[in-house]
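Hydrogens, waters and symmetry mates play no part in the numbers below; they use all other heavy atoms, side chains included. Along the sequence shown, residues are numbered consecutively beginning with 1. Owing to the predicted nature of the structure, the values given are computational and were not obtained by experimental measurement.
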Amino acid sequence: MDLGLEGKIALVTGASRGIGAATARLFAAEGADVVLCYHTNRAGAEQTAAEVRGLRRQAWLLSFDVGDAASVATALAEVGRSIPGLDAAVLCAGTNAIAPLLDLAAAEWDQQIRINLNGTFYMLREVAPRLRDQGSIVAVASVAAHTGAAHHAHYAAAKAGIVNLTKSAARALAPRIRVNCVAPGLTETEMGMQAIGSQAGDYLQKKLLAQRMAAPEEIARAIVFLASPAAGFFYGATLDINGGRDLR
C-alpha cells in the first residue's frame, strides 16, 4: 500500500528509543523527512537521526521537556523558523513507574500526569497550528488506559486521559487536522521490560492471545498508517494493538 508520505515532514516525540525511534525510521522508509524530539537521551536521538539519513531522508533534532509548557512552546517555535511546515506529528514521549496504588506518593502521581497527559496536551496545543491542511496527529496511549493497572495506576490514569483527549482534539480540529490514538500492549522496549519484570513468561501465556510481546516496529506500522493520508477517514479513533490482551 502506498501511504502517500513521500516528501512529507513528520515530527516524532520520544524519538531516541523504543516505539518513537521505530516510528521515525518507518516514516523515513516511507519517504518522509523527520523531526526527532527527545529530552535527555541525545545519543539515542543521534542514532535515530543517522538511521533516518541512511534512508536518504532529512532529520532534524529538537531537545525539550514535553511536561514543561514553556519548553514545548520554545522548541516548537523553532519548527516554524527552520523547518518548512509539518504534515504529521506523533506524540510518543512518555514514562512509566511501578508502585502499588496505596503507596503512591503525590510526587510520583504528579510526574506521570505531567509527562504523559500534560505533555500530550502541550504538544497538541503547539503542534496543531504548525500542521499543514489535512495534517495528522497520532497520540500514544496504552492498553492500561482500558484495563487499569494495580501497580501503575498513575500511568494508567494518564493514558486513559490521552484516549479521551484524542476524542476532544479530533472534534476541535476536524476536518483540517485528523487526531487519532494508538493503545499498545506489552512491547519489547526498555519501558515494557521494566513494567513486566520477572512476570513476563506467566503474563504472556495467561494474558495475551499472541503469547508474545510486540516488536516496536509492529506498533510503529499502526502509528505511521494512522498518520498517513491512507487513513484519511480516521477521526478520533483509538487502535488497540495488544496481542489480544483486552478484548472488549
Do [X] and [Y] touch side chain to side chain, with heavy atoms closer than 4.5 Å?
X	Y	result
Val79	Leu86	yes
His154	Glu108	yes
Tyr38	Thr13	no
Val182	Pro184	yes
Thr120	Asn116	no
Asp87	Leu131	no
Cys181	Ile162	yes
Val72	Phe64	yes

Determine the minimum heavy-atom distance between [X] and [Y], stating which atoms define it.
X	Y	value
Leu11	Met123	CD2-CE, 3.8 Å
Ala214	Ile219	CB-CD1, 4.0 Å
Arg114	Asp68	NH1-N, 3.8 Å
Ala24	Val52	O-CG2, 4.0 Å
Cys92	Gly20	SG-N, 3.6 Å
Ala45	Leu61	O-CD2, 3.7 Å

Looking at [X] and [Y], would you say the former's side chain and the latter's main chain have a donor-acceptor pair under 3.5 Å?
X	Y	result
Ser142	Ala183	no
Lys159	Leu117	no
Arg57	Ala29	no
Glu78	Ala75	no
Thr187	Gly185	yes
Asp65	Gly67	yes
Arg130	Gly85	no
Ser63	His39	yes
Thr23	Ala220	no
Arg178	Ala231	yes

As an exercise, state the distance from [atom1] of [X] to [atom2] of [Y], rounded to the nearest 0.5 Å.
X	Y	atom1	atom2	answer
Met213	Glu218	CE	CD	11.0 Å
Leu3	Phe27	CG	CZ	9.5 Å
Thr95	His152	OG1	NE2	12.0 Å
Arg125	Asn118	CZ	CG	10.0 Å
Gln111	Asn96	CD	CG	11.5 Å
Leu55	Glu30	CG	CD	10.5 Å

side-chain contact (heavy atoms from CB on, under 4.5 Å), that's the test. Do Gln211 and Leu208 meet it? Break it down for me.
CA-CA 5 Å; Gln211 296 192 359; Leu208 301 186; 5.6 Å; no

Does atom CZ (Arg176) have a neighbourhood of more than 12 heavy atoms from anything else shown, all under 6.0 Å?
yes

Single hit among Val90, Asn180, Val179 for side-chain contact (heavy atoms from CB on, under 4.5 Å) with Leu226
Asn180

Using 30° and 60° as the class boundaries, would you call the ring planes of Phe225 and Phe234 parallel, tilted or perpendicular?
perpendicular

State plainly whether one hydrophobic cluster holds both [X] and [Y], where clusters connect Ile, Leu, Val, Met, Phe, Trp and Tyr through side-chain heavy atoms under 4.5 angstrom apart.
X	Y	value
Ile115	Leu76	yes
Val34	Ile223	yes
Leu36	Val138	yes
Ile113	Leu101	yes
Tyr235	Val224	no

Are side-chain N/O atoms of Gln47 and Glu51 paired as donor and acceptor at under 3.5 Å?
yes

Before you tell me yes or no, could you show the steps for Glu217 and Arg25 under salt bridge (charged side-chain N to carboxylate O under 4.0 Å, His left out), namely the whole-Å CA-CA distance, both residues' side-chain angles and the distance that decides it to 0.1 Å?
CA-CA 9 Å; Glu217 291 75 16; Arg25 291 192 297 266; 3.2 Å; yes

